[in-house]
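Residue numbering restarts at 1 for every chain, and letters A, B, ... go by the order of the sequence lines. Side chains are part of it too, since the values below use all heavy atoms of this structure and drop only hydrogens, waters and symmetry mates.
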Amino acid sequence: MHDYLATLNEQQKEAVLYTEGPLMIVAGAGSGKTKVLTTRIAHLIQGGIDSFRILALTFTNKAAREMKERIESILGNSEARNLYIGTFHSVFARVLRVEAERMGYPSNFTIYDTEDAKSLIKSIVKERNLDDKVYKASYVYNRISSAKNNLYTYKEYKEDHNIQQEDARSNRPQIGEIFETYSKRCFKNGAMDFDDLLVNTYILLTNFPEVLSKYQHKFQYVMIDEYQDTNLAQYHIVKLLSAMHENICVVGDDAQSIYSFRGASMENIFQFQKDYEDVKIIKLEQNYRSTGTILNAANEVISKNENQIKKELWTDKESGEKIKLVCSFTDNDEGKFVADAIMEQKLRNHFSNKDFVILYRTNAQSRAFEESLRRLGILYRIYGGMSFYHRKEIKDYVAYLRIIVNSQDEESMKRIINYPARGIGQTSLNKISLAAQEQNKSFFEMLSEAASIGIKGSTLSTIHDFVTAVKHFQSIAEKKNAYEIAMEIGKQFGVLKDLNSDKTIEGLAKYENIQELLNSIKEYTETPDEEGELTDKPLGTYLQQITLLTDADQNADEEQDCVKLMTVHASKGLEFPNVFVVGMEENIFPSSMSMYDRADLEEERRLFYVAITRARENVWISYANNRYRFGSLISNDPSRFIEELPTHLVDASLAKKAAFKTTTFTSNKTKNDTVQQKKIPSKPASNYVPSSDFIADEPGKMQAGMQVEHQRFGIGTIVTLEGAIANKVATIDFGTMGQKKIMLNYAKLRIMN
DNA sequence: TGCGCAGGTGTTTTT
DNA sequence: CACCTGCGCA
């Protein structure tokens, strides 16, 4: 083992060596906090601390995995595998699996993701005959979620005067009632949502002193990364767990607090200093990541915030290139610019694809960049958005696995009882669901007694067959391994057959996804457990794991040489040589939702700060004058944050040049319209603006058999044309992209010769 | 009961 | 533009 202290600076070293008592590390962006954390843990283990007694909580699964690997490489042995390290959610899901039965939950409880939770809320709103436009599932969910993050039970929620007034004012006085039903229903289903994992951990630790004592003893050292993004529930859990040894070390940066919408509160940082009299505070202020220019620009931006801990981030790196400000005419032009710039940088400065990241405020902004990168043949990968395990076909399959593991789970039961279609309709389901509630039985129990509530004929026998099959799998669930069971379920219930019969491109993709799911289960069953033994692993653990996985956690093709696209949120903790921060416009960044409140706006500014500080060498800040939104063109002013960058650090030549850039127009009606040269107008001159090198042909000219080019799908052949002249739909075969139905009136297609 | 179509509606950010 | 929902028809 090498001398792990040698590469640390004074403050870093101090933080590593200060192991006893409460410690807060205020770590600026790029100041080596992961290095400090991993070295600190390695140092503890090296000093004889039992690795089983160290708890480290991170913000993402990926961060946890990487930390584990780094600790292993410092130590040169496999001690790190014994650490309790992971996200709050995954670590406490693991704890709850052991302890949940004390609270009346099955140890195989199901974890509901946001989609599951919203669908349950939806059905409760429906049952109560409330207007689902007023009681929108997402609104109600957010309301319940933030209550839980602040440790409100439904009872407290209903009794809280302020909350009741808020709900009354928003004309949604029933939210408390929905909250109550929702909580009871989750409990009855043997299910916890994301927030419950924290809330129930808190309840467990406060209501069961013997449990608290057990984990307090166990965790001799507690470390928390990204402390600025913890919420009240997490704060209390951590405080309880570390109360005995008080060897608690938190690492955070108030300037990077960007999750308040999820209940996170920077207050926790200030509170930490009040909670412990003997708290030690170490600031890491040397930045090892970015050039002087980037760092100075970032410092300047964040200094506009009122609410912050003062610190002075510095670097001894050279100043480097100026920040490049880019203005494009439309969002498509912006995409094209970025792709071109990447191409140019690759050729000129020998960068490869993986040296670039495109950061945007919202997931929906990725499209223009996908198109332009694809057109130049640049490999890219989008992080975020829909994770693999959230795809519909995967969730359906997973729902089968869930009910085998936990038959109380009504949501999952409803999801698949008639998939593939077997003739159990909505009417019967409503009947059963209602009866189950009245008789206080689980949905599954009620299914077994369907005859007693007047269900008969073929529906009854289908239900009977279904119940028998489920019971069969439950009975063998203990004996066979997870992969075999999953495989057989697919066969037995006709899921595999159903997917296999769909020969469309989408259908094939779905089938492949299911194969991938099955492979992942197989891999899971074949991976040795923590003691290195190859035991038959329970399906329940697998299911809990995958629900807590996000897209960013998938690292299968991590090493592929791709340009990365992601939201600024998703980029936290990462670094890249070249960063494009795009869509820097009012209403987008800052978001229109966050412009009218100082605290919200400051969070947007911190977000911008996070974006800039991801970069090692180059930053481009880009905005477009016009962009498509809901299918029509809108125009935004450049973001106010651009003005906050010091002008001497910004190269604005690309923004000025764009003002005289030639843009190609084609009119909607007549082809071969004269190409106009224009200065950038502040409002769109035309409703139809294709990217400049692409001239669409008239819809009327399209004929079957023609080769056409589509800006997103590439080159394809028109298979059929259907519909009236005003509303023609073409089926076009784009080869590897599959067959697409395209509305000619909307799509821009160019005829190839 | 199941599928197809027309129309309405929607964009923060995520464990 | 893309998705989802609700409604109408077989």
Side-chain angles (χ1 to χ4, degrees), chain A residues 57-64 86-93 111-115 117 122 132-133 136-138 141-142 145 148-149 192-198 226 229-231 233-234 257-264 331 359-368 383-387 390 392 418-429 458-459 462 545 547-553 566-572 583 587-595 600 603-604 606-607 610-611 627-634 711-712 723 727 729 740-743 745-748:
Chain A
L57 297 167
T58 60
F59 196 69
T60 63
N61 295 297
K62 195 176 161 208
T87 63
F88 273 88
H89 291 85
S90 66
V91 165
F92 294 120
I111 298 175
Y112 280 170
D113 65 20
T114 311
E115 185 194 335
K122 230 179 206 171
D132 61 2
K133 296 245 161 44
K136 275 199 290 199
S138 56
Y141 175 79
N142 286 333
S145 174
K148 285 191 193 172
N149 284 324
M192 300 189 198
D193 65 17
F194 288 149
D195 304 318
D196 290 333
L197 293 174
L198 304 179
E226 310 281 10
D229 286 321
T230 52
N231 61 35
Q234 292 166 323
S257 160
I258 55 174
Y259 282 94
S260 73
F261 68 92
R262 214 171 85 185
D331 47 354
L359 301 179
Y360 33 73
R361 180 65 180 80
T362 66
N363 283 305
Q365 285 165 256
S366 67
R367 193 172 310 147
Y383 287 79
M386 176 105 64
S387 107
H390 290 276
K392 196 177 250 161
N418 201 33
Y419 167 77
R422 46 174 79 89
I424 305 175
Q426 200 56 51
T427 327
S428 311
L429 290 186
S458 67
T459 310
T462 312
Q545 272 178 28
T547 313
L548 296 172
L549 240 38
T550 63
D551 187 49
D553 295 324
M566 64 183 83
T567 62
V568 183
H569 281 90
S571 77
K572 201 174 70 160
N587 298 315
I588 294 178
F589 201 170
S591 151
S592 56
M593 320 283 287
S594 315
M595 294 203 313
D600 287 347
E603 178 146 321
E604 295 283 311
R606 291 193 292 272
L607 196 54
V610 167
R627 76 174 53 238
Y628 278 95
R629 207 182 180 211
F630 302 145
S632 60
L633 210 55
I634 56 152
Q711 287 192 84
R712 192 141 61 92
N727 222 350
V729 177
K740 306 275 175 191
K741 291 209 177 214
I742 290 184
M743 308 271 288
N745 271 359
Y746 294 107
K748 295 162 220 160

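- Candidate nucleotides B:dT15, B:dT1, B:dT13 were compared by shortest atom distance to the side chain of A:T362, and B:dT13 ranks first.
- Within the 4.0 Å cut-off from OP1 or OP2 of B:dT13, not a single side-chain nitrogen or oxygen of A:S594 is found.
- Checked against B:dT1, B:dT11, B:dT15, the side chain of A:S428 finds its nearest nucleotide in B:dT1.
- Look at A:N363 and you'll find a side-chain N or O under 4.0 angstrom from OP1 or OP2 of B:dT13.
- Close to B:dT9, at under 4.0 Å from its OP1 or OP2, lies no side-chain N or O of A:K133.
- By the salt bridge (Lys or Arg N to Asp or Glu O under 4.0 Å) test, A:D193 is found to be paired with A:K148, residues two or more places apart in sequence or in another chain being considered.
- Atom-to-atom, CE of A:M593 to P of B:dT13 comes out at 10 Å; the value is rounded to the nearest Å.
- Between A:I424 atom CD1 and B:dG2 atom P the separation is 10 Å, expressed in whole Å.
- Atom CZ in A:F194 sits roughly 12 Å away from atom P in B:dT14 (whole-Å rounding).
- Listed candidates were B:dT15, B:dT11, B:dT14. Nearest to the side chain of A:T114 is B:dT15.
- When distances are taken from the side chain of A:A421 to each of B:dT14, B:dG2, C:dA2, the shortest belongs to B:dG2.
- Nucleotides C:dC4 and B:dT13 place their C1' atoms 23 Å apart, quoted to the nearest Å.
- Comparing A:H89 and A:D600 by the nucleotide of DNA chain B that holds the closest heavy atom to each, the one mapping nearer the 5' end is A:D600.
- Spacing between atom OH of A:Y360 and atom C1' of B:dT13 amounts to 12 Å, rounded to whole angstrom units.
- The side chain of A:T60 sits closest to B:dT15 out of C:dC1, B:dT11, B:dT15.
- Each of A:F589, A:Y360, A:Y259 was evaluated against A:H569; a single residue qualifies, A:Y259, per the ring pair (Phe, Tyr, Trp, His ring centres under 6.0 Å) test.
- Between A:N231 and B:dT15 there is no side-chain N or O to OP1 or OP2 distance below 4.0 Å.
- A donor-acceptor pair is defined here as one N or O able to donate and one able to accept, closer than 3.5 Å; such a pair exists between the side chain of A:N149 and the backbone of A:R262.
- Checked against salt bridge (Lys or Arg N to Asp or Glu O under 4.0 Å), A:K122 has no partners two or more places apart in sequence or in another chain.
- In this structure, OH of A:Y141 is placed 15 Å from P of B:dT13, rounded to the nearest angstrom.
- Among the heavy atoms of the strands lying under 4.0 Å from A:K122 are primed sugar atoms or P, OP1, OP2 only; no base atom is included.
- Side-chain proximity of A:A364 to B:dT11, B:dT15, C:dG6: nearest is B:dT11.
- Lacking a ring centre under 5.5 Å from that of the base six-membered ring together with a plane angle below 30°, A:F88 does not count as stacked on B:dT15.
- Under the 3.5 Å distance criterion, the side-chain polar atoms of A:H89 are left unmatched by any main-chain donor or acceptor of A:L197.
- Distance OH (A:Y419) to P (B:dG2): 14 Å, rounded to an integer number of Å.
- Along DNA chain B, the nucleotide closest to A:K136 and the one closest to A:H569 are compared, and the more 5′ of them pairs with A:K136.
- Closest to the side chain of A:N418, from the set B:dT11, B:dG2, C:dG6, is B:dG2.
- Of the possible donor and acceptor atoms, one in the side chain of A:R606 sits under 3.5 Å from a partner among the backbone N and O of A:S257.
- Atom CG of A:D229 is separated from atom P of B:dT15 by 12 Å (rounded to the nearest Å).
- Between A:F59 atom CZ and B:dT15 atom C1' the separation is 7 Å, expressed in whole Å.
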